[in-house]
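All chains are named by letter (A, B, ...) in the order of the sequence lines, taking the proteins before the strands, and each is independently numbered beginning at 1.
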Amino acid sequence: MTLDEMRTEVATRLNEDITALKYWTLQDIDNALNAGYENISDASEWYEVLLALPLSSRRGYYDLRGFPITVLSVRHAYNMQTQRWMTPTSVRDLDKVYRQWEHVQGASDRYFIRGLNLLGVWPRSPQDSGQIRLGVTSFPPRLVNTYDVPGFDSDFHWGLVDYAVYELKSDDREKDVALGFYAKYLETEMKLKERVRTRQSLDKLHSLGQP
Amino acid sequence: MSDPLDPRVAAVLIKMGDPNGADFSREEVERYYKKAQDEFVRAVRPFLDFEIIEDLPACANYAFEFEARHMDVRTGRASFRFDFEKRYLRRPGRGPVPISFHFERDQLSTAPISAVVDLPEENIQIERVTWDERRAEPLTSISMGQGGVDIRYEIQRGPVEAYITDKDGLNSLRRYKIPAGNGAHFSYIGRFGTLRGSPVYIQVKDRRCALRLGMFARMTDAHTLYAPDVFISLSYTFGFAQLTQAVEQGLLTMPLFSGMTVVGSYGIIRRIPGFIPSRRTWGLVRAVRFDHLNTRVEFYSRGSDPRTERAFVIPDSYLKYLDFYVMAEMYNRQGPYQDLAMAQHYMLRYRTGEKLAQDRMTLTNSMRLVVAGGSIPDHDFRPPLSRPPDNFPEGAFTRRRRRGGRYYGF
């Protein structure tokens, strides 16, 4: 569904005519739809992007908030210089093996997350060049134009409509109606999470050794 | 720094149908936001912060009473010289201070460094402690004393190998061993100001009046100007434009900073490159500290109060969950807007966000490749006790065997 079609669906459920809105504004409906889009993306983390992180010789930690987009979680990292995948690790593991691991400089081949936003790489890069390609999940761009379409399967678009009605009805303190639509939205959210999680589960062999 | 507080308060009031704050005052909503942030931070622990505690003797002096409240008693490095000074300190320090000025530190043949240091007030949980960038082991006072690790652990001097936190107060840390000598540090000249020239002028006296900025690099600790009675003597000597040059000349002559590029042609030092990124986007570098031969505490921080900062430290993507918490509190409160079902609904939505953040915190950790059998040695692994070989003649020794869940010697 396009944004325009979703607007119409929301207006219908609000008993409004999309061409002549009386109680709600088009901006209200757009905001509510985008709130749903953000919420379902936050919960399912379906939106995956690649980011380039320039390396610095004096930094072992990088703030993920420095990117122009919101980073929800880091899924993988690839060192462009060594052309190797970096291995997730933790400071506990590094402490166990290397006493002063923060001193070590070399081609970065491990990464770890501390707190919500600190990405640590080890070893530190020996020079201020090169970059890491990060695979992260994020929020998709907002739906702005009439023909914008949410990035996931079209049958899940109804979840955005349900969420928008929930959002607007709860603002209007129509509790029962709002909670009813929220329950419907949650069903869609669950289905999308399942869709994201089980993309290749059928094809898996589930034998020992296969991650 | 994240989203500002005021628009969020206004938005929540509109959402609750009380845009003019007839039933909910703005102060009340702000209190709920503070509560929400505290709840979120304690459950998720999103902010890792770093405190470098210089291994230096306690040092304090002041001339006026108002200065006392700016003294750094928090870390135990500054205390009092005379008994009458105690009443000016918020928390009396740990014993009299033997020296008055920083330069005296280097004149002492034996550095009287305190074993116990107070942790930052924002600390909610220690994540890691290092000394000289080596991990210090967390031990308990029982294992140290009665457990026999070292019964003289309170007075042993040497490299810091371990620490205990269960004996000297909730927010304090005792180092084992007590640092035997002064840690790496700058010699400060002057009592106020900012990084200026060679030698470097650094504000060291009034850390308490400055908010932690977090704009610190590997070896720096930065604070923004906050209290009105703190000032920087910038302009009367150099003027703003030339100051950077002076700073460059001063700093770049030091081996630590040599080769660094100064970005921009005017202003003051905003950041010294290192491997700990800044937490905020504004403020000044106020103190430079080394990891080398000093104690570093990595801890989860409570973050700053949104009512003071007028903004949130929590990432934008999680702020909507704070909104849900606030609305749950508002719906819970007795009054015309009370609605317990909606309160429960919004609290559930807040908990969902909390869980999402918790899961993301542990995601990378869960993706670690763990090899059965372990190529990585267990840190707590102890070498096996010496025992005779299995083919040792039966009866020649007493061996303990397990039977029925109990041990019998025979």
- Item | side-chain hydrogen bond (donor to acceptor under 3.5 Å, both in side chains) partners of A:Trp101, counting only residues at least two apart | A:Asp95
- Message: To check you understand the geometry: which heavy-atom pair defines the closest contact between B:Arg360 and A:Asp42, and what is its length?
- Response: NH2-O, 2.6 Å
- Message: Please report the interatomic distance CG(A:Asn39) to CZ(B:Arg349), rounded to the nearest 0.5 Å.
- Response: 4.5 Å
- Using a 4.5 Å cut-off on heavy atoms from C-beta on, say whether the side chain of A:Glu45 contacts that of B:Asp359. no
- Task: Please indicate whether A:Gln127 has more than 12 foreign heavy atoms, meaning atoms of other residues, nucleotides or ligands, lying under 6.0 Å from its CD.
- Result: yes
- With a 4.5 angstrom heavy-atom cut-off, which part of B:Tyr318 approaches chain A: side chain, backbone, both or neither? side chain
- Message: Quick check on the structure: residues of residues 69-85 of chain A within a heavy-atom distance below 4.5 Å of chain B, by number.
- Response: A:Thr70, A:Leu72, A:Ser73, A:Val74, A:Arg75
- Message: Counting only non-hydrogen atoms closer than 4.5 Å, can you tell me which residues of residues 23-38 of chain A sit against chain B?
- Response: A:Glu38
- Message: Checking an interface table here. Which of residues 177-186 of chain A come within a heavy-atom distance under 4.5 Å of chain B?
- Response: A:Leu179, A:Tyr182
- Message: Using 0.5 Å steps for rounding, measure from the CZ atom of B:Arg45 to the CZ atom of A:Arg114.
- Response: 11.5 Å
- Side chain, backbone, both or neither: which part of B:Glu127 has a heavy atom under 4.5 Å from chain A? both
- Item | OH on B:Tyr331 to NZ on A:Lys175, rounded to 0.5 Å | 9.5 Å
- Residues A:Glu167, B:Lys15; criterion salt bridge (charged side-chain N to carboxylate O under 4.0 Å, His left out); working and verdict: CA-CA 10 Å; A:Glu167 182 93 354; B:Lys15 207 166 174 54; 3.3 Å; yes
- Task: Please name the pair of heavy atoms, one in B:Ser317 and one in A:Phe139, separated by the smallest distance, quoted to 0.1 Å.
- Result: CB-CE1, 3.4 Å
- Note on the structure: Rounded to the nearest 0.5 angstrom, the NZ-CZ distance for A:Lys96 and B:Arg135 is 8.5 Å
- When rounded to the nearest 0.5 angstrom, what distance separates CG in B:Asp132 from CZ in A:Arg99? 9.5 Å
- Examine whether an atom of B:Lys320 lies under 4.5 Å from a heavy atom of chain A, and if so say whether it belongs to the side chain, the backbone or both; otherwise answer neither. side chain
- Once you round to the nearest 0.5 Å, how far does CE of B:Met361 lie from CD1 of A:Ile113? 10.0 Å
- Residues, nucleotides or ligands: over 12 heavy atoms within 6.0 Å of B:Arg128 CZ: yes
- Any idea which heavy atoms bring A:Arg173 and B:Met16 closest together, and the distance? NH1-O, 3.7 Å
